[in-house]
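Order of the sequence lines sets the chain letters (A, B, ...), proteins ahead of strands, with each chain counted from 1.
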Amino acid sequence: MPNNFATRILAWFDHHGRHDLPWQRDISPYRVWVSEIMLQQTQVKTVIPFFDRFMAAFPTVDALAAAPEDEVLHLWTGLGYYARARNLHKAARQVCEQRGGEFPTDVEGLMALPGIGRSTAGAIVSIAQGRRAAILDGNVKRVLARYHAIAGWPGKTAVHNALWDIAEAYTPGERCADYTQGMMDLGATVCTRSSPQCQRCPLVGDCAAHRLGREGDFPGKKPKKTLPVRRTRFLMLRDSDGCAWLEKRPSPGIWGGLWCFPEGEDLDPERWCLDRTGRKPDAVETWPEFRHTFSHYHLEIVPILVELDAKPGWVMEADRQLWYNVRQPPQIGLAAPVADLLEQLARQGQAKE
DNA sequence: AAAGCGGGGCG
DNA sequence: CGCCCAGCTTT
């Protein structure tokens, strides 16, 4: 017999939960896994088109495992947190090579795969495999922190552990998949970060935060700190064919595995061009600086367009350097500001024609 | 423009 | 444990 808490969540889910999300069709561990990885740090509305494109390209874990990493990152371009894509790809290869394409069926086995932690493992076990397992994503954290008025920022180990204990206690053995989906839906649509719709909440009668009139105080805020600012130059070398020079970033690291312009704070475009091509640039144009913000610093980027009237004949390292043809874009992963600048270069090229 | 979101890896 | 990893939405 489910506990009272779970009973209310389930009854609410039946009438008000989301039942038509793309990953709720043709449920499988693979589809739930991909959706859960994409949903880390990213909202449902943003994920849906990426999920659909990803599934069309890689319908099975075998298809994903067989794909080149560049293609996986290409389909992740714009979604962010690219380590998620690299881990997804690595895990797919592990599942295929070491387990014949079968996913582990328990939380511990799933957590051994790169990119899968306790919560994501719980989601796969409960939603895809229909067995009892707890999750604790941002939505569930918010619901539980408010319901029990748990003080403190969940990033602190003590708060985190307390929330996990509660999550485990409420997770029912029956209809665990619906309960898990229901908790996520409740957090996403009713128990929202700002302006929660408490009158529509099945837990309103017992919610400690609501009773105190302090919904906004839970969960506790992350201590804020001012982000440092770093500066860099992007050297956009363009040849006579309109192709741009890109280099693959080392992995791990910022934008690991993605393709980017040569970049550096002290990079001298004239010097760089002369050193690499043996000739001076035919035109140099400094574009307006813009800011790109990471989780831990701001990056002020100055793009510098360096034009060559010829096609340089130097030898490339094919694995990590390429000429990007804006008219026939290769299937590779691009850092968001790089994708943006390439698009501007393409538009500029069109205007000239 | 600034704040908030948020899970997993790693040292 | 604290820090490292983006990019989107909300305010």
Side-chain angles (χ1 to χ4, degrees), chain A residues 33-51 73 75-91 94 107-108 110-124 134-145 152-161 163-164 167 183-184 187-189 191-196 215-230 249-258 260 289-301 333-341:
Chain A
W33 170 50
V34 172
S35 72
E36 286 298 326
I37 300 298
M38 287 187 172
L39 286 165
Q40 289 167 6
Q41 299 92 11
T42 312
Q43 296 187 351
V44 166
K45 195 181 137 202
T46 305
V47 163
I48 287 174
F50 283 89
F51 180 82
L73 289 169
L75 286 162
W76 212 271
T77 292
L79 195 54
Y81 273 103
Y82 299 92
R84 295 183 294 175
R86 297 196 302 270
N87 282 332
L88 194 72
H89 189 226
K90 196 193 294 179
Q94 279 184 25
V107 167
E108 289 69 31
L110 285 162
M111 284 177 70
L113 294 168
I116 299 183
R118 186 173 171 189
S119 187
T120 300
I124 296 170
I135 67 159
L136 189 66
D137 74 351
N139 291 312
V140 177
K141 274 181 201 166
R142 195 163 53 248
V143 171
L144 295 179
W153 175 52
K156 290 286 172 194
T157 305
V159 178
H160 194 243
N161 289 342
L163 289 170
W164 263 115
M183 285 292 283
M184 295 192 291
T189 65
C191 193
T192 48
R193 176 160 62 89
S194 54
S195 314
E215 294 89 343
D217 291 346
F218 306 97
K221 307 293 177 230
K222 176 180 181 166
K224 66 178 110 184
K225 54 182 174 182
T226 52
L227 300 183
V229 178
R230 296 182 198 170
R249 314 246 338 166
S251 175
I254 294 260
W255 295 328
L258 302 187
C260 187
E289 176 183 87
F290 64 96
R291 173 178 281 201
H292 185 82
T293 299
F294 293 100
S295 51
H296 52 304
Y297 62 90
H298 299 292
L299 188 61
E300 303 269 4
I301 299 167
L334 299 168
V338 174
D340 210 47
L341 290 165

Length of the [atom1]-[atom2] vector between [X] and [N], whole Å:
X	N	atom1	atom2	answer
A:Leu136	B:dG7	CG	C1'	10 Å
A:His160	B:dG7	NE2	P	7 Å
A:Phe294	B:dC5	CZ	P	21 Å
A:Glu36	B:dG7	CD	P	10 Å
A:Ile254	B:dG9	CD1	P	18 Å
A:Phe290	B:dA1	CZ	C1'	17 Å
A:Phe218	B:dC5	CZ	C1'	19 Å
A:Trp76	C:dG7	CH2	P	13 Å

Backbone N/O of [Y] and side chain of [X]: donor-acceptor pair under 3.5 Å:
X	Y	value
A:Ser119	A:Leu136	yes
A:Thr77	A:Leu334	yes
A:Arg142	A:Cys191	yes

Check your understanding: Would A:Asn87 and A:Arg84 count as a side-chain hydrogen bond (donor to acceptor under 3.5 Å, both in side chains) if you check the C-alpha gap in whole Å, the side-chain angles of each, and the deciding distance to 0.1 Å?
Key -> CA-CA 5 Å; A:Asn87 282 332; A:Arg84 295 183 294 175; over 6 Å; no
Is [X] close enough to [N] that one of its side-chain N or O atoms is under 4.0 Å from OP1 or OP2 there?
X	N	answer
A:Ser119	B:dG8	no
A:Tyr297	C:dA6	no
A:Thr157	C:dC1	yes
A:Lys222	B:dA3	no
A:His292	C:dA6	no
A:Trp255	C:dC4	no
A:Thr293	C:dA6	no
A:His296	C:dC4	no

Review point. Hey, which of these two, A:Thr120 or A:Gln43, hits DNA chain B nearer its 5' end, going by closest nucleotide?
Key: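 Upstream on the strand: A:Gln43.
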Review point. What distance, rounded to whole Å, do you find between the two P atoms, one in C:dC5 and one in B:dG4?
Key: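 Nearest-Å result for C:dC5 against B:dG4 at atom P: 23 Å.
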Exercise for review: Count the heavy atoms belonging to other residues, nucleotides or ligands that lie under 6.0 Å from NZ of A:Lys156, then report whether that count exceeds 12.
Suggested key: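 Atom NZ in A:Lys156 is not packed in, count stays at 12 or less.
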Review point. For DNA chain C, whose closest nucleotide is more 5', that of A:Tyr82 or that of A:Gly155?
Key: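 With A:Tyr82 and A:Gly155 compared, the 5'-side residue is A:Gly155.
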Point to revise | Along DNA chain C (nearest heavy atom to each residue), the more 5'-positioned of A:Ala158 and A:Ala83 | key: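 Checking each residue's closest nucleotide, the 5'-ward one belongs to A:Ala158.
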Answer with base, sugar-phosphate or nothing: what part of the nucleic acid does [X] contact at a heavy-atom distance below 4.0 Å?
X	answer
A:Lys45	nothing
A:Arg142	sugar-phosphate
A:Arg84	nothing
A:Gln41	base
A:Lys221	nothing
A:Pro114	sugar-phosphate
A:Ala336	sugar-phosphate

Among [options], find the nucleotide with the atom closest to the side chain of [X].
X	options	result
A:Arg291	C:dC5, B:dA2, B:dG9	B:dA2
A:Arg193	C:dG7, B:dC5, B:dG7	B:dC5
A:Lys156	C:dG7, B:dG7, C:dG2	C:dG2
A:Asn87	B:dG9, C:dT10, C:dG2	B:dG9
A:Ser194	C:dT10, B:dG8, C:dG2	C:dT10

Review point. Between A:His292 and A:Phe294, does the ring centroid distance fall short of 6.0 Å?
Key: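 For A:His292 and A:Phe294, the ring centres are under 6.0 Å apart.
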Check your understanding: So, do A:Trp76 and A:Leu258 sit near enough that their side-chain heavy atoms are less than 4.5 Å apart?
Key ->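 No, every pair of side-chain atoms sits at 4.5 Å or beyond.
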